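This is a predicted model, so every value here is computed, not measured.
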There are 2 protein chains.
Amino acid sequence: MSKQSPAELTGTLAFQIGVLGTTITDLFAARIAPLGLKPKHAGLLALLANQGARSQAEAAEAMGVAPSLLVGLADRLQDLGALTRERDPGDRRRQVLALTADGTALLKSCNRIAEAIDTDLTADLDPADAAALRRALAAMTGFEPRRVLS
Amino acid sequence: MSKQSPAELTGTLAFQIGVLGTTITDLFAARIAPLGLKPKHAGLLALLANQGARSQAEAAEAMGVAPSLLVGLADRLQDLGALTRERDPGDRRRQVLALTADGTALLKSCNRIAEAIDTDLTADLDPADAAALRRALAAMTGFEPRRVLS
DNA sequence: CAATAATGATTCACAATATGAATGATTCAA
DNA sequence: TTGAATCATTCATATTGTGAATCATTATTG
């Protein structure tokens, strides 16, 4: 006889990645909380670091969130001294966000925390499988809409 | 020279799985919405199907949510005729949830939807990498707390 | 056995998160 | 130059989740 119960739903990649993603994000959130950050703050820092200064509208678009949400994220990071927020002289409607040295340092801390989680995640994982996982993620991350860590 | 920018934060598994998980869960949520379900409803159906009837406290524990949240989930599924909710005769404090035939059918629909997402996800993925991905997920899914799809 | 503690389900008040509509400033197009 | 579009911001609102309080029931224990 074949297998009786094929682990309905929970056997799918969609379900497993969904659950694991939430678990990891919650853990990441707990570990960056002492820095005064939430995952979306870290996502914004990373965006600015990797893609350079951006207006709030551009950042919101890139992160897949409403522009109104970005106001609060930028407020917070500005309070922490992690970014500057200046009117674009060429178009004074735009608020241009740019990382400060403090922001870069903060991002590095987030990065270290994420890497520590990676270490735990891949602890009992065949190195070849870990490499394949990275390839698979790269292939899947071009998937449909973009949205940054919540 | 070595690579200048190592994709700060966004290069980590933690970040990538977090983002992908949210993206996938949002997509899954959109596709099961016509069934009148949200991801947590589907998670509860799957729990009952895969592990048998459970009290609400047990289900909440297994899903990693507050018992008070489970009340509403069970209400909804009961309204849809997807589960029965009966006092345990042996301990009349416990409400025991059990799948109905309609609930099983509903879960099968969710399963099909998740499988369709899997198909898209793995479309341009080396089959060997897809297999490795499954192994990696299996290894990582024993990770810390449990929480079901949100 | 009686009194007290613990457990399960439920309701409720509340916090956190996100959205979209409205507003005001500015820029673009006709 | 007038009207439409864009950007940032605020505000009202929806959604989601939690924990405290309550009530019924069951366990404990003096």
Side-chain angles (χ1 to χ4, degrees), chain A residues 18-19 21-23 25-26 28-30 32-33 36-44 53-79 83-98 145-150, chain B residues 18-19 21-23 25-26 28-30 32-33 36-44 53-79 83-98 145-150:
Chain A
V19 173
T22 302
T23 304
T25 299
D26 287 354
F28 180 64
I32 63 174
L37 299 179
K38 308 209 168 180
K40 289 230 156 88
H41 298 127
L44 179 51
R54 285 285 182 278
S55 76
Q56 293 185 191
E58 290 165 343
E61 164 70 17
M63 292 176 66
V65 301
S68 58
L69 181 59
L70 222 102
V71 175
L73 296 176
D75 282 351
R76 188 71 224 275
L77 291 174
Q78 191 176 21
D79 286 350
L83 54 76
T84 59
R85 196 189 217 167
E86 289 175 350
R87 289 280 165 193
D88 181 343
D91 180 348
R92 307 213 319 283
R93 290 169 303 184
R94 296 161 41 93
Q95 293 269 55
V96 177
L97 308 179
R146 50 286 169 254
R147 168 161 288 257
V148 169
L149 217 48
S150 145
Chain B
V19 172
T22 303
T23 303
T25 300
D26 287 354
F28 181 65
I32 64 175
L37 299 179
K38 307 208 169 182
K40 288 230 156 89
H41 298 125
L44 179 51
R54 286 285 180 280
S55 75
Q56 295 185 189
E58 291 165 343
E61 165 69 16
M63 292 176 66
V65 301
S68 58
L69 180 59
L70 222 102
V71 175
L73 296 176
D75 282 350
R76 188 69 223 274
L77 291 173
Q78 191 176 21
D79 286 350
L83 54 75
T84 59
R85 196 190 219 165
E86 288 174 353
R87 290 281 164 192
D88 181 343
D91 181 348
R92 306 213 320 284
R93 290 169 302 184
R94 296 162 39 92
Q95 293 270 55
V96 177
L97 308 179
R146 50 286 174 249
R147 166 161 291 257
V148 169
L149 218 48
S150 146

Side chains of R85(A) and Q56(A): do they bring a donor and an acceptor to under 3.5 Å?
yes
With respect to the side chain of V71(B), which nucleotide from dT25(D), dA8(D), dT10(C) is positioned closest?
dT10(C)
Nearest to the S68(A) side chain among dA8(D), dT11(C), dT10(D), which nucleotide is it?
dT10(D)
Listed nucleotide nearest any side-chain atom of A57(B), set dA25(C), dG8(C), dT10(C):
dG8(C)
Student check: side-chain heavy atoms of V19(A) and T25(B) closer than 4.5 Å:
no
Could you state the atom-to-atom distance from CG of D26(A) to P of dT16(D) in whole Å?
16 Å
Could you tell me the separation between the CG atom of L70(A) and the C1' atom of dC7(D), rounded to a whole number of Å?
12 Å
Side-chain N or O of K38(B) less than 4.0 angstrom from OP1 or OP2 on dT15(D)?
no
Residues R93(A), D88(A): salt bridge by 4.0 Å N-O rule:
no
Hey, is the side chain of R94(A) poking within less than 4.0 Å of OP1 or OP2 on dT6(D), counting only N and O atoms?
no
Both R92(A) and L69(A) contact DNA chain C. Which one's nearest nucleotide lies toward the 5' end?
L69(A)
How many whole angstroms separate atom CD of E61(A) from atom P of dC7(D)?
10 Å
Rounded to whole angstroms, how far apart are CG on D75(B) and C1' on dG17(D)?
16 Å
Atom-pair distance (CG on D88(A); P on dC28(C)), nearest Å
10 Å
Mind calculating the distance between CD (E86(A)) and C1' (dC7(D)) to the nearest angstrom?
17 Å
Select one nucleotide: of dT18(D), dA5(D), dA8(D), the one nearest the side-chain heavy atoms of A66(B).
dT18(D)
Between atom CG in D91(A) and atom C1' in dA29(C), what is the gap in whole Å?
15 Å
Between CD of Q95(B) and C1' of dT11(C) the distance, given in whole Å, is 14 Å
Can a side chain N or O of Q56(A) be found less than 4.0 Å away from OP1 or OP2 on dT9(D)?
yes
Would you name the heavy atoms of R76(B) and G36(B) that are closest together and state the gap between them?
NH1-O, 2.8 Å
Checking L70(B) against V65(B) for the side-chain contact (heavy atoms from CB on, under 4.5 Å) test, could you report, in this order, the C-alpha distance in whole Å, the side-chain angles of both residues, the deciding distance, and whether it holds?
CA-CA 7 Å; L70(B) 222 102; V65(B) 301; 3.9 Å; yes
